Amino acid sequence: MTEYRMGQVHSSAPGKIILLGEHFVVYKNPAILAAINRRITVHLKPNGDNFIRIKAGLTEHVVSASKRQLSKRRTNSDSFLYPVISCINDIQYQMSDFSGLDVIIESQIPHGEGLGSSAASCVATVGAMRGLFGEIDKPTICKNAVEAERIIHKNSSGADCYVSTFGGLIYYHPTRGYTHMNPKIKFRFLVCTTGIRHDTGKLVLKVKKFRENKPSIFEELAERAKIICNDAKKAMNRGDQETLGKMMTENHDLLTRLEVSHPKLEEFIDICMSNGALGGKLTGAGGGGSMIALIPNKKTDEIVSSIRKKIPHSVIVELDQYGLQVNQTLNPDKNF
Ligand code: PMV
């Protein structure tokens with residue numbers, strides 16, 4: 001049993017965009033992901049009254065700090081809280097004198113829109129719980145967060161939790177694991193949210209069925225996705241925006257053939273491309289959610305403002321290189 005600190009803990013973790021390789025990454029294909037400067041923050045405070053009170057936006061959940069009661073509280077409306085509750089649940093049983101917690105979750109990441117909100121909430125919650133007794137070991141936190149995320153999305157590749165924990169721009173390779181990339185130039189990504197929430201688990205299942213029903217088509221798409229991802233990595237390393245843009249658009253076409261796009265995503269991609277973006281694709285699970293467009297480093301403001309006239313819910317995101325932060329204030333200059 002571990003003694004925990006009685007103070008308050010603040011922990012935050014970034015959302016992410018997937019530049020290349022979503023869905024195929026579940027089948028051990030490579031992927032490129034980036035943490036973004038939109039975070040989920042979890043504030044924890046031991047309250048001594050034997051209840052866990054979780055406030056997230058307008059919702060408040062009050063559950064007894066007993067394992068049985070926590071696991072009963074699972075309905076569709078609070079599904080996004082399952083992993084959060086699970087993280088708290090698992091870790092509280094390692095504490096000798098656990099007697100309730102106040103939990104406040106603040107989010108800058110829309111839920112169910114492909115920007116890694118569930119991974120970020122798991123990472124931030126595990127980080128906060130571990131922070132209560134001063135253990136900020138990122139690999140362990142990442143492992144626990146992946147386990148929690150698998151409660152709602154059991155085939156999760158784990159890549160979202162990795163990038164949220166460690167931050168930065170990450171290339172994932174099925175045998176070599178994760179490597180941090182350090183491209184020569186800054187790439188600008190515009191994130192456009194459709195407002196159509198998706199269910200990652202259902203979309204991953206849809207792809208699983210596609211793979212079972214049409215194995216040769218799936219293999220062909222996956223093989224091409226692998227080549228594109230590796231070419232995009234090289235393009236990024238040499239600062240080649242045009243090639244990266246083309247690879248992103250081609251990756252989107254593969255995802256459309258995989259049947260995970262949505263008419264709204266197609267419309268947004270067309271708008272971005274006809275207004276000067278170098279590439280555009282869905283990001284995350286698709287079926288709604290969000291898309292990203294690569295905006296050239298020249299005429300950036302002009303292009304962004306013409307896209308934003310047609311897609312108001314679009315924003316340029318910065319990459320985040322901090323990942324999980326526990327009881328720390330971020331220095332905005334360190335974002336790249
Ligand atoms: O839509 P999101 O943010 O849940 O991202 C899902 C990414 C997938 O590749 C579709 C699944 C995964 O586990 O990597």
Side-chain angles (χ1 to χ4, degrees), residues 13-36 38-40 79-80 82-84 107-124 142-143 145-166 170-174 177-178 189 191-211 218 221-222 225-226 228-229 232 248 251-252 254-262 264-265 268 281-292 317 320:
K16 63 92 193 45
I17 51 176
I18 301 182
L19 274 49
L20 281 302
E22 53 273 272
H23 284 294
F24 299 106
V25 67
V26 174
Y27 300 96
K28 308 282 176 234
N29 246 38
I32 301 177
L33 302 94
I36 57 172
R38 295 289 182 281
R39 292 186 158 253
I40 287 191
S79 64
F80 76 100
Y82 297 178
V84 169
S107 177
Q108 303 170 326
I109 309 169
H111 182 61
E113 295 235 38
L115 302 176
S117 64
S118 61
S121 59
C122 291
V123 172
C142 182
K143 189 173 154 283
V146 174
E147 285 158 7
E149 213 205 356
R150 287 192 175 137
I151 293 170
I152 46 167
H153 159 32
K154 74 175 168 47
N155 296 310
S156 169
S157 63
D160 284 20
C161 286
Y162 186 93
V163 75
S164 182
T165 307
F166 295 97
I170 307 273
Y171 171 76
Y172 166 76
H173 185 276
Y178 297 95
F189 297 101
V191 173
C192 309
T193 51
T194 62
I196 302 162
R197 277 191 185 180
H198 65 209
D199 179 328
T200 301
K202 281 190 185 154
L203 285 149
V204 169
L205 205 61
K206 188 177 176 187
V207 171
K208 185 169 179 267
K209 290 200 175 125
F210 183 105
R211 183 171 176 257
F218 184 86
L221 299 177
K226 189 199 289 177
I228 288 174
C229 187
M248 286 170 58
N251 192 160
H252 179 76
L254 300 177
L255 291 163
T256 304
R257 288 180 62 196
L258 205 53
E259 299 168 9
V260 292
S261 188
H262 184 281
K264 204 74 192 163
L265 291 166
F268 281 7
K281 65 179 279 292
L282 69 81
T283 188
S290 305
M291 60 139 299
I292 51 170
V317 288
D320 167 283

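On a predicted model such as this, the values are computed, not experimentally measured, just so you know. Both counts, for ligands and for their atoms, begin at 1 and track the order of listing.
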Exercise. May I have all residue pairs that pass side chain to side chain donor-acceptor pair (under 3.5 Å) and include part of residues 17-35, sequence neighbours excluded?
Key: E22-K281
Practice problem: Give yes or no for whether the N/O distance cutoff of 3.5 Å, strictly under, is met between N155 and ligand 1. | Solution: no
Exercise. Give the atoms of ligand 1, by number and element, whose distance to some non-hydrogen atom of K16 is under 4.0 Å.
Key: 2 (P), 3 (O), 5 (O)
Exercise. Compute the shortest N/O to N/O distance between E22 and ligand 1 and return yes if it is under 3.5 Å, no if not.
Key: no
Practice problem: Could you establish whether G116 and ligand 1 come within less than 4.0 Å of each other, counting only heavy atoms on the residue side? | Solution: yes
Exercise. Tell me which one of H23, H111, H153 gets a heavy atom nearest to atom 11 (C) of ligand 1.
Key: H153
Self-check item: S107 side-chain N/O to I40 backbone N/O, donor-acceptor pair under 3.5 Å
Solution: no
Quiz item: Taking only heavy atoms of V25, which atoms of ligand 1 are found under 4.0 Å from at least one of them?
Solution: 9 (O), 14 (O)
Quiz item: Shortest non-hydrogen contact from I170 to V163?
Solution: CG1-CG2, 3.6 Å
Quiz item: Can you tell me if NZ on K206 sees more than 12 non-hydrogen neighbours from other groups inside 6.0 Å?
Solution: yes
Self-check item: Test of proximity, I18 against ligand 1: N or O pairs below 3.5 Å
Solution: no
Self-check item: For T165, side-chain hydrogen bond (donor to acceptor under 3.5 Å, both in side chains) partners two or more places apart
Solution: none
